Amino acid sequence: MSWSKACRGTRISSYLENLHRTSQYPRTILCSRYYTHRACKSNEHYLRSKRVFWGSSSSWSLNSHSATAKSMLDSAHRQYSTHSPSETKSQKMLYYLTAVVFGMVGLTYAAVPLYRTFCQATGYGGTVQRKETVEEKIARHSESGTVTEREIVVQFNADVADGMQWKFTPTQREVRVKPGESALAFYTAENKSSAPITGVSTYNVTPMKAGVYFNKIQCFCFEEQRLLPGEQIDMPVFFYIDPEFETDPRMDGINNLILSYTFFKVSEENTTETVNNNNSVPVQETN
Amino acid sequence: MSTGGAFGGNRGLRPIPPEKGIFPLDHLHQCDTEKKGYLDCLKSTGHKSEQCRHLSKTYLECRMAKNLMAKQDMSELGFSGVTELDSIVEKER
């Protein structure tokens, strides 16, 4: 039994050594013979060959177990002679993959300005192409002498946020304007409460796709406007519809634009400011 | 745009601030007469902006005079061909 175990051990170790080494030991020949003997299942031969084997490799048997361990380790690398190329190959792969990771991360950072320039160039997703100011546009069109014929009705809408005691209405219901003509419109706001209220407004233009051609030269939106109690004020809007509106096929059926303003209340957190303003007449107020 | 569904679509269209900024509010009602003139003109002409452009021009000139608007050449604002006479001629047509 012990013989068989020992022989098995030695068999495995010698087999492994046989794989990666051109064996110089005569016992390999014995091993092969041992295999054939094993295969023939001849007990006598088996024992005899084992004995011979055992005898010849007695000095070597002590080292067999350590050799086993070592050869097992070596087998993991498979071929001792080709150890470095595979390692460098995997190292190369590692460098390449790391570079890919860093490349991807860098690309995501670079994507922000790239995306912005792409949108500016193509106007994708409704981004307005700010290539020229309104004044430049006006100058360009007046020089080229573009004549516009379509009359567009611009209607006005005014809204106030809930709970805000302002009366906010458009002073005129509509304005008929041709593209390429700058036009003026007024909104009236009145503070109906007994305390000064500061509001901020925003606007939008419907239909949405026509909003691209609606240029506001000057208005009262996006900045805080303060009204004293009982004060009524007129707020002008100076706008301009791009003559390119006429040539755009998507705008074919559009003859009505609605400009809608909404006022939102700004919370009065600044007590010092209110104290100063309450004392003096609002001469200095040029918001 | 048909692809307007992306990037928030119509809802995501952000309003653009005005080119020349904000009109300072006319708290002292200094340009009220010009404003009234313009609005009356609009009412009488059926809200046609074309025929009242000269009055809007005077209103803006008033604002510039009273420091409620940055001074600028009127032609730059699209009033290149607008004079009092022009509008009168248009009315007569």
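Every chain is numbered from 1, with letters handed out A, B, ... down the list of sequences. None of the values given here were measured: they were computed from a predicted structure.
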*Asks:* Going from CG on A:L184 to CG on B:L55, what distance comes out if it is rounded to the nearest 0.5 angstrom?
*Replies:*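 Here the interatomic distance stands at 10.0 Å.
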*Asks:* In Å, rounded to the nearest 0.5 Å, how long is the span from OG of B:S49 to CD1 of A:I241?
*Replies:*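 It is 9.0 Å, given to the nearest 0.5 Å.
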*Asks:* Between CD of A:Q218 and CZ of B:R63, what distance do you get to the nearest 0.5 Å?
*Replies:*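 If I round to the nearest 0.5 Å, the distance is 7.5 Å.
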*Asks:* Which value, rounded to the nearest 0.5 Å, describes the distance between B:L42 atom CG and A:E174 atom CD?
*Replies:*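 One gets 10.0 Å once the value is rounded to the nearest 0.5 Å.
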*Asks:* So which residues of residues 157-169 of chain A are in contact with chain B at a heavy-atom cut-off of under 4.5 Å?
*Replies:*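 Residues qualifying by a heavy atom under 4.5 Å from chain B are absent, so none.
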*Asks:* Side chain, backbone, both or neither: which part of A:Q232 has a heavy atom under 4.5 Å from chain B?
*Replies:*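 Backbone of A:Q232 only, per the 4.5 Å heavy-atom cut-off to chain B.
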*Asks:* Name all residues meeting the side-chain contact (heavy atoms from CB on, under 4.5 Å) criterion together with A:Y96; count only those two or more places apart in sequence or in a different chain, and write none if there are none.
*Replies:*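 By the side-chain contact (heavy atoms from CB on, under 4.5 Å) rule, A:Y96 matches A:M93, A:V100.
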*Asks:* Look up atom OG1 in A:T188 and atom NZ in B:K35, then write down how far apart they are to the nearest 0.5 Å.
*Replies:*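 Taking OG1 in A:T188 and NZ in B:K35, the distance rounds to 5.5 Å.
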*Asks:* For a side-chain hydrogen bond (donor to acceptor under 3.5 Å, both in side chains) check, start with the C-alpha distance between B:R53 and A:S182, then their side-chain angles and the critical distance, and finish with the verdict.
*Replies:* CA-CA 8 Å; B:R53 292 198 80 204; A:S182 48; 2.7 Å; yes
*Asks:* Who are the side-chain contact (heavy atoms from CB on, under 4.5 Å) partners of A:K178, not counting sequence neighbours?
*Replies:*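 Applying side-chain contact (heavy atoms from CB on, under 4.5 Å) to A:K178 gives A:T148, A:E181, B:E50.
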*Asks:* Between B:Y59 and A:F186, does the ring centroid distance fall short of 6.0 Å?
*Replies:*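 Centroid distance B:Y59-A:F186: below 6.0 Å, so yes.
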*Asks:* Taking only residues two or more places apart in sequence, or in another chain, which ones meet A:A185 in a side-chain contact (heavy atoms from CB on, under 4.5 Å)?
*Replies:*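 Counting only residues at least two positions away or on another chain, A:A185 forms a side-chain contact (heavy atoms from CB on, under 4.5 Å) with A:F156, A:Q172, A:F239.
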*Asks:* Just verifying a value: how many Å separate A:R176 CZ and B:H47 NE2, rounded to the nearest 0.5 Å?
*Replies:*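 Atom-to-atom, A:R176:CZ and B:H47:NE2 are 8.0 Å apart.
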